[in-house]
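For ligands, and for the atoms within them, numbers begin at 1 and follow the listed sequence. It should be emphasised that the depicted structure is a prediction, and the values quoted were computed from it without experimental measurement. Quick note: residue numbers are just sequence positions, from 1.
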Amino acid sequence: MRRLFSTSLLNPASAGVAAFTFSRALVRGLSPDFAASALRSDAGAPIDGTLAAAQHSAYVSALRSLLPEGGVTELVAENGCPDSCFIEDTAVVVGARALLTSPGAPSRRAEVGKVAEALAAANIKAATCPPGATLDGGDVLYTGREFFVGLSSRTNAAGAAALGAAFPGLRVTAVPLIALAASVDRAQSARLAHATARKQRDQQRSNASPLHLKSLVSVVGADTLAVADTPLGNEVAHFLQDSSGVPRDARRAGAKLQFVLVPTANAPAANAVLVNGTLIIRSRKELPEAAEELGEFADAVGLKVIELEMSELAKADGALTCCSILF
Ligand code: CIR
């Protein structure tokens, strides 16, 4: 595959972490019916509930080790909401402001109330989504300068607009994730017109729109993003670069979004968490090539690394960012 971006473009100074310094985190315990009933895009391999709980608790411990004493608040799982551990989807917080979301999956909407209470208790001023708007936090990418919002099966244009209304000073750009996925698939289908039916099916599956924007891309530094080195990941990276609000003067001086490519075979590792000078990434046991690439990046810009296994949460489409709200 053509390499469109390279770590050699990275300017360590641009990977500044000021916007990703946090004192608090909300997390939510794993529901007893997580393994049996969490929403899954692929219900293939069964979820090992015990292992899922261990992976979730390692995640919470990692955050506790990175935040000040008492900074992590763990809410109990919401009754009847097997996905409530994926708390990121319920609120977007930047500074002392928040937007409570209206999750795209109706079964998840009851998760928001307790998160609203916890944010109020932390003195965060929260807005709500208007009727008809849907938004999952997993679709909201904050670069430290601006928001990108994936228009996905969970998030609609009204949801993206609600984000703009809740954070008036911050630029919001909607990313047409489903349309970009369809256009990548069309381009490849033309090339595979004479391939076997099986090859065509595999390709369609790999080009399908992911659950969320952040299934493909996440922040690893200011204006610096890890992106899956897949056809769709590259398409999204181009879109972000072209529509980014990096000021013209800064662009002239060579500043723009920087991308760390996450090898195709380990694409889910493009979802990482940057917190207080540490990059939390998927473990090399699970996704070795990605851990290598992201580890190299972290070394180059002076970030520490924590590796976590997420295999069981990933079976329910969970990723690293989705298990916390940081502020
Ligand atoms: C869902 O389908 O809503 C959950 N099973 C997974 C949500 C993952 N959320 C995220 O990555 N932000």
> Considering only the protein, which heavy-atom contact is closest to atom 2 (O) of ligand 1, and what is its distance?
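For this ligand atom, the closest protein heavy atom is R154 NH2, 2.9 Å.
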
> In terms of residue, atom name and distance, what is the protein heavy atom nearest to atom 9 (N) of ligand 1?
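For atom 9 (N) of ligand 1, the nearest protein heavy atom comes out as D89 OD2, 2.8 Å.
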
> Which residue, T230, L177, L225, forms the side chain to side chain contact (heavy atoms under 4.5 Å, CB included) with V236?
L177

> Under 6.0 Å between ring centres, would you say that holds for F22 and F327?
no

> Which heavy atom in A290 sits nearest to a heavy atom in A269, and how many Å separate them?
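Taking A290 first and A269 second, the nearest heavy atoms are CB-CB, 3.3 Å.
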
> Between R24 and T73, do the side chains contain an N or O donor and an N or O acceptor separated by less than 3.5 Å?
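The criterion, which ignores hydrogens and geometry beyond distance, is satisfied for T73 and R24.
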
> Students should be able to answer this: which protein heavy-atom is nearest to atom 8 (C) of ligand 1, and at what distance?
D317 O, 3.4 Å

> Can you name the atoms of ligand 1, numbered from 1 with element, that are less than 4.0 Å from a heavy atom of A316?
4 (C), 5 (N), 6 (C)

> Taking the six-membered ring for Trp, are F86 and F34 parallel (under 30°), tilted (30 to 60°) or perpendicular (over 60°)?
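Aromatic pair F86/F34 classed perpendicular.
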
> Evaluate L39 for polar contact with ligand 1, using N/O atom pairs at a separation under 3.5 Å.
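Such a contact does occur with ligand 1.
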
> State, without any angle test, whether S244 and E146 hold a side-chain donor-acceptor pair at a distance under 3.5 Å.
yes

> Looking only at non-hydrogen atoms, find the nearest pair between T134 and G104 and report the distance.
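Reported closest heavy-atom pair: CB-CA, 4.0 Å.
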
> Which protein heavy atom lies closest to atom 10 (C) of ligand 1, and at what distance to 0.1 Å?
C322 CB, 2.8 Å

> What atoms of ligand 1 come within less than 4.0 Å of a heavy atom belonging to E88?
10 (C), 12 (N)

> Is there a nitrogen or oxygen of G137 sitting under 3.5 Å from a nitrogen or oxygen of ligand 1?
no

> With heavy atoms of G138 as the reference, note each atom of ligand 1 found under 4.0 Å away.
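Near G138, meaning under 4.0 Å from one of its heavy atoms, ligand 1 has 12 (N).
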
> With heavy atoms under 4.0 Å as the rule, classify the contact between K214 and ligand 1 as side chain, backbone, both or neither.
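For K214, no heavy atom sits under 4.0 Å from ligand 1.
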
> Can you tell me which residue and heavy atom of the protein come closest to atom 4 (C) of ligand 1, and the distance to 0.1 Å?
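Here the closest protein heavy atom is D83 OD1, 3.2 Å.
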
> Is there a donor-acceptor contact under 3.5 Å linking the side chains of S84 and E111?
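No.
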
> So is R40 in contact with ligand 1, going by heavy-atom distances below 4.0 Å?
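No.
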
